[in-house]
Amino acid sequence: GADLIVLSHLRWPWVWQRPQQLISRLAPVRAAAGGRTWFVEEPIGGPVTEPELWTEQIDGLTRVRLVVPSRSGEVEYLGFDDPATSAYGSMLAELLAAEGRTVAPDVWLFTPMAFDIAQRLGARRLIYDVMDDLSSFADAPQGLLLRQRRLLAEAAVVFTGGRSLHRGISSQRRHGVHLFPSGVDTAHYARSRALRQPRDRRVAGYVGVIDERLDLDLVGRLAEELPDWTIRMVGPVTKIDEGLLPRRANIEYTGMTAYDQLPEAMAGFDVALMPFALNEHTHNISPTKTLEYLAAGLPVVGTAVPDVVADHADVVYVARDRDDFIAQVETARTRDEVRAARGDEKARAATWDAIAAAMRGDLEAAGIVYAAASPARKNSAAFA
C-alpha cells in the first residue's frame with residue numbers, strides 16, 4: 001500500500017492534540033495494508049554543519065525532522081517557510097526513495113505552510129485537515145492564505161475541526177469538506193475520577209497551551225475575586241512574554257505536563273476553566289479541552305466562544321462577561337447532576353476512535369484506500 005506522509009506544525013511529543021490523536025489511530029491501519037506513516041515536523045536549527053534529516057521510530061510511525069545549521073548556536077524552532085529549509089521536500093523524496101518507498105504517497109497536511117513540500121513529494125492525493133484558523137494566530141506567516149487557497153483547490157479531501165471553521169472553509173470550497181470537531185479519549189480522562197481526593201482548598205484549573213488566545217486579565221481578576229481558591233494553570237507558555245502572566249499568591253503555573261499525567265492533573269481541580277479572550281484569535285476555535293474536562297467528570301466554566309456556545313451550552317457554564325465568569329465558577333462547584341449526566345453522555349459519544357473510523361470512510365469514498373479490507377463506511381454527518 002501507499003505510504004502516508006503527515007506534514008504537521010505540531011511536534012509529535014509536544015501537547016497531545018488532534019494530529020497525534022488521529023494519526024496514532026490511523027497509522028496501524030495503514031501499516032496493516034503495507035504502508036508506512038511518516039510524521040514530518042517543522043525544521044529546527046541545531047548543531048550540524050549542513051542540513052540533515054533526523055528520524056526515529058515512535059508509536060508505530062516514523063518521525064522525521066530537518067535539522068539545519070543553527071544561526072545562534074542554540075536550538076531554534078523554525079517554520080516550514082524558513083528559507084534555510086528550502087531543501088526539505090527534495091530531501092524527503094530522497095529518503096523515501098532510499099527506503100524503497102517508490103509508490104507515490106498520500107500526503108496529509110495540518111498546515112498549508114507545508115504545501116510546497118507536498119508538491120515536491122509528488123503526492124498521489126492530498127488530505128487537508130483544517131484543525132485551526134492558523135491565519136488568526138499571533139505571528140502567522142506570510143503566504144499562509146495563498147497556500148491555503150491552493151490547497152483547498154487541490155486536496156482530494158478536506159476535514160475541518162469545528163463548526164465556525166467549517167462555515168468559513170465551505171464558503172471557499174463547495175465539495176468534499178467534512179466537519180469533524182475534535183474528540184476525546186474518554187477512558188483516558190475518566191481515570192481522573194478515581195484519582196480525585198478531598199482537600200481543604202478549592203482549585204479552579206486550566207489545562208492547555210497558554211498563549212494569546214487566553215484572557216490573562218480574566219485569570220488575574222479570578223484570583224483576586226476568589227482569594228480562597230487556587231487558580232492552577234497547567235501547560236506550556238508559548239508565543240507570549242512570560243512577563244505578561246498575572247502573578248498572584250493563589251495562581252500556580254505548573255508548566256508542560258505529559259499527556260499521561262493529565263488525568264492526575266485534572267483530578268486536582270474542582271472546576272475546569274476555559275478563560276478564552278473573545279477576539280480574532282478565538283472566533284473560530286473549537287476547544288478540544290471541553291470534552292476532556294467533561295470526560296474527567298469536571299464542571300466547566302467558559303467564555304462565550306461561538307463553537308462552545310453552539311455545541312456545549314447545555315453542559316458548559318458559559319459566562320456573559322468577566323464578572324459573570326467569576327460568579328459561574330462559584331456556581332459550578334455545586335454539582336448539577338443533570339448537567340453532569342449530559343456531559344458524560346457527550347464525552348462518550350465523541351471518541352477519537354469513532355472520529356478516526358468515520359474519517360476513514362470519507363477517505364475511502366474519495367479513493368484513498370486505508371486497509372486491505374475496509375469496514376462498513378460510517379457517515380461523517382453523524383458528527384455535523
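All values derive from a computational prediction rather than experimental measurement.
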Determine, step by step, whether S164 and D307 satisfy the side chain to side chain donor-acceptor pair (under 3.5 Å) criterion, reporting the C-alpha distance in whole Å, the side-chain angles of both residues, the deciding distance to 0.1 Å, and the verdict. CA-CA 6 Å; S164 298; D307 277 16; 2.5 Å; yes

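- Across L151 and P112, no two heavy atoms sit closer than the pair CD2-CA, 3.9 Å.
- Across P105 and I5, no two heavy atoms sit closer than the pair CB-CG1, 3.6 Å.
- Of the possible donor and acceptor atoms, none in the side chain of T282 sits under 3.5 Å from a partner among the backbone N and O of I285.
- Pairs engaging residues 293-335 under the ring pair (Phe, Tyr, Trp, His ring centres under 6.0 Å) rule: none recorded [sequence neighbours left out].
- Electrostatic pairing of R199 and D270 counts as a salt bridge here, judged by a charged N lying under 4.0 Å from a carboxylate O.
- Following chains of ILVMFWY side-chain contacts shorter than 4.5 Å, one can reach M233 starting from V15, so the two form part of one hydrophobic cluster.
- Between Y189 and Y259, the two ring planes are perpendicular [angle over 60°; tilted spans 30° to 60°].
- Considering all non-hydrogen atoms of both residues, A350 and L291 come closest at CB-CD1, 3.8 Å.
- Relative orientation of the H178 and F180 rings is tilted, given thresholds of 30° and 60° on the angle between their planes.
- Checked by atom type and distance alone, the side chain of D185 never pairs as donor or acceptor with a backbone atom of Q21 at under 3.5 Å.
- In this structure a side-chain-to-backbone donor-acceptor pair under 3.5 Å is present from R173 to A155.
- Using a distance-only test at 3.5 Å, with no hydrogens or angles considered, no donor-acceptor pair links the side chain of K289 to the main chain of Y206.
- Ion pair R147/D81 not flagged as a salt bridge, since none of the NZ, NE, NH1 or NH2 atoms sits closer than 4.0 Å to an Asp/Glu carboxylate oxygen.
- In plain terms, the two heavy atoms of V315 and K346 that are nearest each other are CG2-CD, 4.1 Å.
- E76 places a side-chain N or O within donor-acceptor distance of the main-chain N or O of R71, the cut-off being under 3.5 Å.
- Counting only distance, with no hydrogens or angles, the side chain of S170 and the backbone of R167 share no donor-acceptor pair below 3.5 Å.
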